[in-house]
2 protein chains.
Amino acid sequence: MLRLTQSEENYLKAIFTLSQDAEGAISTNELAEKMLTKASSVTDMLKKLCEKELLEYQKYQGCALTNTGKSHALAIIRKHRLWETFLVDKLSFGWDEVHEIAEQLEHIQSTELTDRLDEFLGFPKVDPHGEPIPGKDGRIESVSNRILLSEAVVGMKGIIMGVEDDQTEFLQYLNKIGLHLGTPIDIVDKLSFDGSIIVNMDGRQIQFSITIAKQISIKPL
Amino acid sequence: MLRLTQSEENYLKAIFTLSQDAEGAISTNELAEKMLTKASSVTDMLKKLCEKELLEYQKYQGCALTNTGKSHALAIIRKHRLWETFLVDKLSFGWDEVHEIAEQLEHIQSTELTDRLDEFLGFPKVDPHGEPIPGKDGRIESVSNRILLSEAVVGMKGIIMGVEDDQTEFLQYLNKIGLHLGTPIDIVDKLSFDGSIIVNMDGRQIQFSITIAKQISIKPL
DNA sequence: GTTAATTTTTAGACTAGTCTAAAAAAAGTT
DNA sequence: AACTTTTTTTAGACTAGTCTAAAAATTAAC
């Protein structure tokens, strides 16, 4: 059983998530930005992780996770999302308060613990932000027919299904305007010049910048 | 708020527990043995912790925690015991399976989390091994009239109230012989030449070496 | 297809934590 | 009081992870 440091685990997780919305290899700079560190530090770490066969890496060519690397990443994401669910469902934390704590809890080493937690929570399919929770086997059950709010068209109706979880301030803002999972919305208008989207929610009119709209996913009705 | 590494926290916890059954300062060697490390490493760490005013240290004179150091140690012990309680009460782990996992969980940084966990568990007074759980304020409610089994006298009756938690094999052995918290026992005999204690438990006769007897505490009836 | 700009890697240094080996201090013994 | 043993500290080295500054490779621009 390959034992990883917290830092190595954080790199794997970052590479995995970057790979999800990018084609091909992940560049050193891209990763450095995500990890809030310097490119030189990233290079060092990539060499090490490549040595451990968790990713493929060639000088100046970026990196990509191997299957082993992917399953490690998925195991960490599984733990992160299960712990977030625990914190919200069992300890009554708000969805804006759990990310940082889960960033620590995701590194606890014990498959047995993870699986029992999963059971204790009733095998949840999604975390408090609507993100799917990978199963024991690392498979993510695809969350069907969701689109980003930024891709919605005027006149469409939908239900809020997921939001990005990594910015506390963003989630606090969503709390303030009363947006949560399950909230129904109507797409009222879209401003062509900056991409802003205007939605109707609980009878109120709310305007989202394109940046925000990209961080919210809905199920069209 | 002073932020400590896991290693620093582990040293504080070790010094605290060693200080509980020893008078005066803790020696470098004693601590090295407890931490499964070398005396030279301990010296380095003592210098650092002294610098941070978590303990008092003078060359060749051993160390002793300051009040700040003590409350840090108590906070870690509080987390350790609350997590053990969670693992046993909520996730159905055995008392012999939780120590190692709690050693990791005790380093999670969030007072809010600790306090909410405490509430979720119903403010338990003792952990699954009978060890008292320090409160929010760091106070340990004294567990009244307990004595070590090694100090019991022949003819005495008692109830098992606590056991040492840090050796998995020891706890597995207790499981095997059917000893758990609340089990009533009679002290049948004591062998003068090696200090062994013979007890009657559930109608069976069981012999404990002095080493084992020192790791079990009872409430005399 | 050179030159310029950008990206990435290397080189060398720093902190935290550990180690071994040797020196220094303290404690025990005669 | 001097010698021996034990304990503790120092000195120097190693790994993991990070950094800055400079070199090298790649990409973009003309």
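All heavy atoms count here, side chains included; hydrogens, waters and symmetry mates do not. A, B, ... follow the sequence lines: proteins, then strands. Residue 1 opens every chain. The shown structure was predicted, so the numbers you read here are calculated from the model rather than taken from an experiment.
With a 6.0 Å cutoff to the six-membered ring centre and a 45° limit on the axis angle, K90(B) counts as a cation-pi contact of F120(B).
Summarising the geometry, the separation between CG on L4(B) and P on dA16(C) is reported as 13 Å, rounded to the nearest angstrom. Between L36(B) atom CG and dC19(C) atom P the separation is 10 Å, expressed in whole Å. With rounding to whole Å, D44(B) atom CG is found 14 Å from dG12(D) atom P. When the C1' atom of dA21(D) is taken as reference, atom NZ of K38(A) falls 12 Å away, rounded to whole Å. E33(A) places its CD atom 15 Å from the P atom of dT6(C), with the value rounded to the nearest Å. Between I26(A) atom CD1 and dT7(C) atom P the separation is 15 Å, expressed in whole Å.
A donor-acceptor pair shorter than 3.5 Å cannot be found between the side chains of H180(B) and N175(B). Using modelled atom types and a 3.5 Å distance limit, the side chains of S196(A) and D194(A) yield a donor-acceptor pair. With no hydrogens or angles considered, no side-chain donor-acceptor pair links H80(A) and D127(A) at under 3.5 Å.
Ring centroid separation for the pair F93(A) and F86(A) does not come in under the 6.0 Å cut-off.
The listed nucleotides are dC19(D), dT20(C), dT18(C); the one nearest the side chain of M45(B) is dT18(C). In the set dC19(D), dC19(C), dT18(C), the nucleotide with an atom closest to the side chain of Y11(B) is dT18(C).
Using a distance-only test at 3.5 Å, with no hydrogens or angles considered, a donor-acceptor pair links the side chain of Q104(A) to the main chain of Q109(B).
The shortest distance between side-chain heavy atoms of L174(B) and I216(B) falls below 4.5 Å.
If you check residues 17-25 of chain A against DNA chain D, you find no residue with a heavy atom closer than 4.0 Å.
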**Protein proximity profile, nucleotides 3-8 of chain D - base contact B, sugar-phosphate-only contact S, no contact -, cut-off 4.0 Å on heavy atoms** = ----SB
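Close to dT10(D), at under 4.0 Å from its OP1 or OP2, lies a side-chain N or O of K47(B). Between dT18(D) and S7(A), a contact under 4.0 Å exists linking OP1 or OP2 to a side-chain N or O.
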**Request:** Kindly indicate, with the supporting measurements, whether the criterion ring pair (Phe, Tyr, Trp, His ring centres under 6.0 Å) is fulfilled by H129(B) and H99(B).
**Result:** CA-CA 10 Å; H129(B) 312 99; H99(B) 185 72; 7.6 Å; no
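Of all heavy-atom pairs spanning L12(A) and A73(A), the tightest one is O-CB, 3.9 Å.
Using a 4.0 Å heavy-atom distance criterion, S40(B) is classed as a base contact.
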